[in-house]
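Structure record follows, encoded as structure tokens.
Convention: sequence-line order gives letters A, B, ...; per-chain numbering from 1. Quick note: numbers below take in every heavy atom, side chains included, and nothing from hydrogens, waters or symmetry partners.
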2 protein chains.
Amino acid sequence: MKKSSASMGRRRSLAFALLAFLGLGLLQAAAGRQAWADSLPSWNDGPAKAAIVDFVTRVTTEGGPDFVPAPERIATFDNDGTLWSEQPLYFQLIFMLDRVKTLAPDHPEWQSEEPFRSVLAGDIKAALASGEEGLVKLGLATHAGMTTDEFDKIVTDWLATARHPKLKRPYTELVYQPMLELLAYLRQNGFKTYIVSGGGIEFMRTFSEKVYGVPPEQVVGSSIKTKFEIRNGKPVILRLPEVDFIDDGPGKAVGIQKFIGRRPIASFGNSDGDQQMLQWTMAGDGPRFALIVHHTDAEREYAYDRKSSIGKLDKALDEAQARGWTVVSMKEDWKTIYPPQK
Amino acid sequence: MKKSSASMGRRRSLAFALLAFLGLGLLQAAAGRQAWADSLPSWNDGPAKAAIVDFVTRVTTEGGPDFVPAPERIATFDNDGTLWSEQPLYFQLIFMLDRVKTLAPDHPEWQSEEPFRSVLAGDIKAALASGEEGLVKLGLATHAGMTTDEFDKIVTDWLATARHPKLKRPYTELVYQPMLELLAYLRQNGFKTYIVSGGGIEFMRTFSEKVYGVPPEQVVGSSIKTKFEIRNGKPVILRLPEVDFIDDGPGKAVGIQKFIGRRPIASFGNSDGDQQMLQWTMAGDGPRFALIVHHTDAEREYAYDRKSSIGKLDKALDEAQARGWTVVSMKEDWKTIYPPQK
């Protein structure tokens, strides 16, 4: 039977559509590979980047020996020194010091009471010399005594106006561009990314979603006790001057089990306070990944490790070297430190 | 210019493709509506089902006045009496009693020590008469003193073999079919579903993902303290005989803020222990939904409310009626109670 030209035309259209579809598929596949290779553009090609990409490829390769189902792809990140800077002082500590100054007019007794007196006199070194007891006093005086909604507003307002003493940028811009890319790359690959930090849980939750893409329910941190009550007919949650949980060192493994209830397959830290989190992560079955950010870049950021009072990296560095955990040298491995200025 | 028949054919193909596409669109829309109407097949048509569907439709209608972005669609569910049965005793309490019997040979002192003596004599009433202090003793004796991995195995093994005294089915089958459908319906509509229960967090996490589709990291519950340690060169988390957090009553609002850090827009409970969770949920801005499961079905399940020692529903029922919260009558609103027997 002779084919009509209309039917020929339809055939040709179909063939064309099929080719276009296949062509598009190939283009998309190529674009996919491209996107994949470009997911970490601020990382120099080197062993750290290669180890990350190798791990992610292995756990996401269906049918492969190291495949991990998506719900089990939990990755936990320390915050201070791992996702954002922590020098010359932890940023939340700077918030505390600023807050003491703001609240001082209502607390005449602070003029003679340490560590408040030293803070108000601008002698931070003396204030910090009061040790953990003094820090807890500062923390409770500035973090308790208001509702959770009020605290959220206090922190948000502070972050909007405060500037880093040396870099003169908002603290939320002093986040590591390579780590932002890593967070996004993991999420693109089905990971659920968590923050597990010694920092205050409610402090971090005010910016974690906007800055890191990590929603409040995926933030684990240190906390004070709280209390539900009805105030003027409306329920509020009050922040109480009593420590509830310290999410640091062994507390990080405890916090992970308490809040997540599932062992991460990858963890990222930068100090001895992250060592137990990394140990807990690596001790599980199946493929595992541990990474330490080593602050080696005095020029673009800060250089410190074994002898630093902030972000001390000593035992965890030894363990990383002994066990072959990935150690990132900020100087060698990162093309850039911070996102471009806005 | 005269059109060639090939070009005519191509035109007709395009028109056909367009029509087919539109037709397919209409079919898909119809199928969507069908799937949507059928998401709650175990719910009778009535005010409760209508209120649920109306709320979900409003918060998911883009551009509508009540639209809520997906990340804020947090829904919290009580467990005992809301997602599964809680009579004649909370199932975790039955686990505790069974566990006391299992452990008794290693604890000769329990033969003379209350409330253990009564439990071992089979006098549950006398054991429970010891009140909260006795319950805490039973809880700590059966829930502490092992690693988290060991506890997970103990609970999993118990759930696999234990049977409900009256219904003779595994406890994990005594979950409410209409609530399973509701959980799935909410998730289909972009909600993140959480359990917020007075029950033990690690107890529930052993089955929440399999039974409810709720992953361990979305379970909030009561807890005991834990401790990280290295045992035979391997990190473990030990369960300690000390209460850490009671996730009940006002504790549910506190637990939500602590674990989720974001106020739910919908909450589901069945007892006075859920009242503050519902209050906290309803006090937020924008569209809100509160639902109480009322146990009214003595024939298919149990009927109890204001005078029950388990799952007492009194003040929360008054508040639900005063504020127009949705109250589900199990007898009237549910076509079926449990999933079909396996």
Side-chain angles (χ1 to χ4, degrees), chain A residues 4-14 16-17 71-72 74 148-149 152 192 194 201-202 204-206 208-209 215-220 223 225-230 233-237 244-245 249-254 256-263 276-277 279-284, chain B residues 4-14 16-17 71-72 74 148-149 152 192 194 201-202 204-206 208-209 215-220 223 225-230 233-237 244-245 249-254 256-263 276-277 279-284:
Chain A
S4 76
S5 58
S7 120
M8 288 285 283
R10 195 145 54 233
R11 276 217 167 181
R12 247 172 284 158
S13 315
L14 281 170
F16 177 78
E72 290 165 33
I74 303 282
T148 48
D149 286 348
D152 180 283
K192 212 165 175 176
Y194 278 81
I201 189 166
E202 297 288 311
M204 294 184 287
R205 279 171 169 167
T206 65
S208 64
E209 190 158 38
E217 62 268 27
Q218 285 162 225
V219 176
V220 179
S223 58
K225 298 209 171 175
T226 62
K227 187 183 141 195
F228 175 90
E229 70 175 42
I230 305 286
K234 243 194 124 151
V236 295
I237 294 178
D244 179 42
F245 178 62
K252 290 209 178 192
V254 166
I256 286 169
Q257 183 62 26
K258 185 203 280 245
F259 281 78
I260 310 178
R262 169 131 74 179
R263 199 192 295 245
Q276 288 84 359
M277 172 167 81
Q279 289 171 342
W280 179 243
T281 300
M282 297 308 282
Chain B
S4 76
S5 57
S7 120
M8 288 284 284
R10 195 146 54 231
R11 275 216 166 184
R12 245 172 287 158
S13 315
L14 282 170
F16 176 78
E72 290 165 32
I74 303 281
T148 48
D149 285 348
D152 180 283
K192 213 163 173 177
Y194 278 83
I201 189 166
E202 297 288 309
M204 294 184 287
R205 279 170 168 167
T206 64
S208 64
E209 190 158 39
E217 62 269 26
Q218 286 163 224
V219 176
V220 179
S223 58
K225 299 209 171 177
T226 63
K227 187 183 143 196
F228 175 90
E229 69 175 43
I230 305 286
K234 242 194 125 149
V236 295
I237 294 178
D244 179 42
F245 179 62
K252 289 208 177 193
V254 166
I256 286 170
Q257 183 62 26
K258 186 204 280 247
F259 282 79
I260 310 177
R262 169 131 75 179
R263 199 192 295 245
Q276 288 84 358
M277 171 167 81
Q279 288 171 343
W280 180 243
T281 300
M282 297 307 283

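- Neither the backbone nor the side chain of A:Glu229 comes within contact range of chain B, judged by heavy atoms closer than 4.5 Å.
- For the set A:Met282, A:Lys234, A:Gln276, the count of heavy-atom pairs under 4.5 angstrom toward chain B peaks at A:Gln276.
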Run the side chain to side chain contact (heavy atoms under 4.5 Å, CB included) test on A:Thr281 and A:Arg263 for me, step by step, so that the C-alpha distance in whole Å, both residues' side-chain angles and the decisive distance to 0.1 Å come before the verdict. CA-CA 6 Å; A:Thr281 300; A:Arg263 199 192 295 245; 5.6 Å; no

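- With a threshold of 4.5 angstrom between heavy atoms, A:Val236 approaches chain B through N, CA, C or O but not through any side-chain atom.
- Using a 4.5 Å cut-off between heavy atoms, B:Val219 makes no contact with chain A at all.
- Of the two parts of A:Asp149, only the side chain, counted from C-beta on, holds a non-hydrogen atom closer than 4.5 Å to a non-hydrogen atom of chain B.
- Looking at residues two or more places apart in sequence or on another chain, you find no salt bridge (Lys or Arg N to Asp or Glu O under 4.0 Å) involving A:Glu72.
- The contact between A:Thr148 and chain B is made entirely by side chain atoms (from C-beta outward), counting heavy-atom distances below 4.5 Å.
- Contacts of B:Lys192 with chain A are made by side-chain atoms alone, with heavy-atom separations under 4.5 Å and no backbone atom involved.
- Counting heavy atoms from C-beta on, the side chains of A:Glu217 and B:Ile74 come closer than 4.5 Å.
- Neither the backbone nor the side chain of A:Phe245 comes within contact range of chain B, judged by heavy atoms closer than 4.5 Å.
- At least one donor-acceptor pair under 3.5 Å links the side chain of A:Arg262 to the backbone N or O of A:Pro71.
- Looking at B:Arg205 and B:Asp152, their side chains never come closer than 4.5 Å, going by heavy atoms from C-beta outward.
- In this structure, chain B has heavy atoms under 4.5 Å from both the backbone and the side chain of A:Ile260.
- In this structure, CD1 in B:Ile237 is found 5.0 Å from CD in A:Gln257, a value given to the nearest 0.5 Å.
- Every side chain to side chain contact (heavy atoms under 4.5 Å, CB included) that A:Pro235 has, sequence neighbours left out, goes to A:Phe228, A:Ile230, B:Gln279, B:Trp280, B:Ala283.
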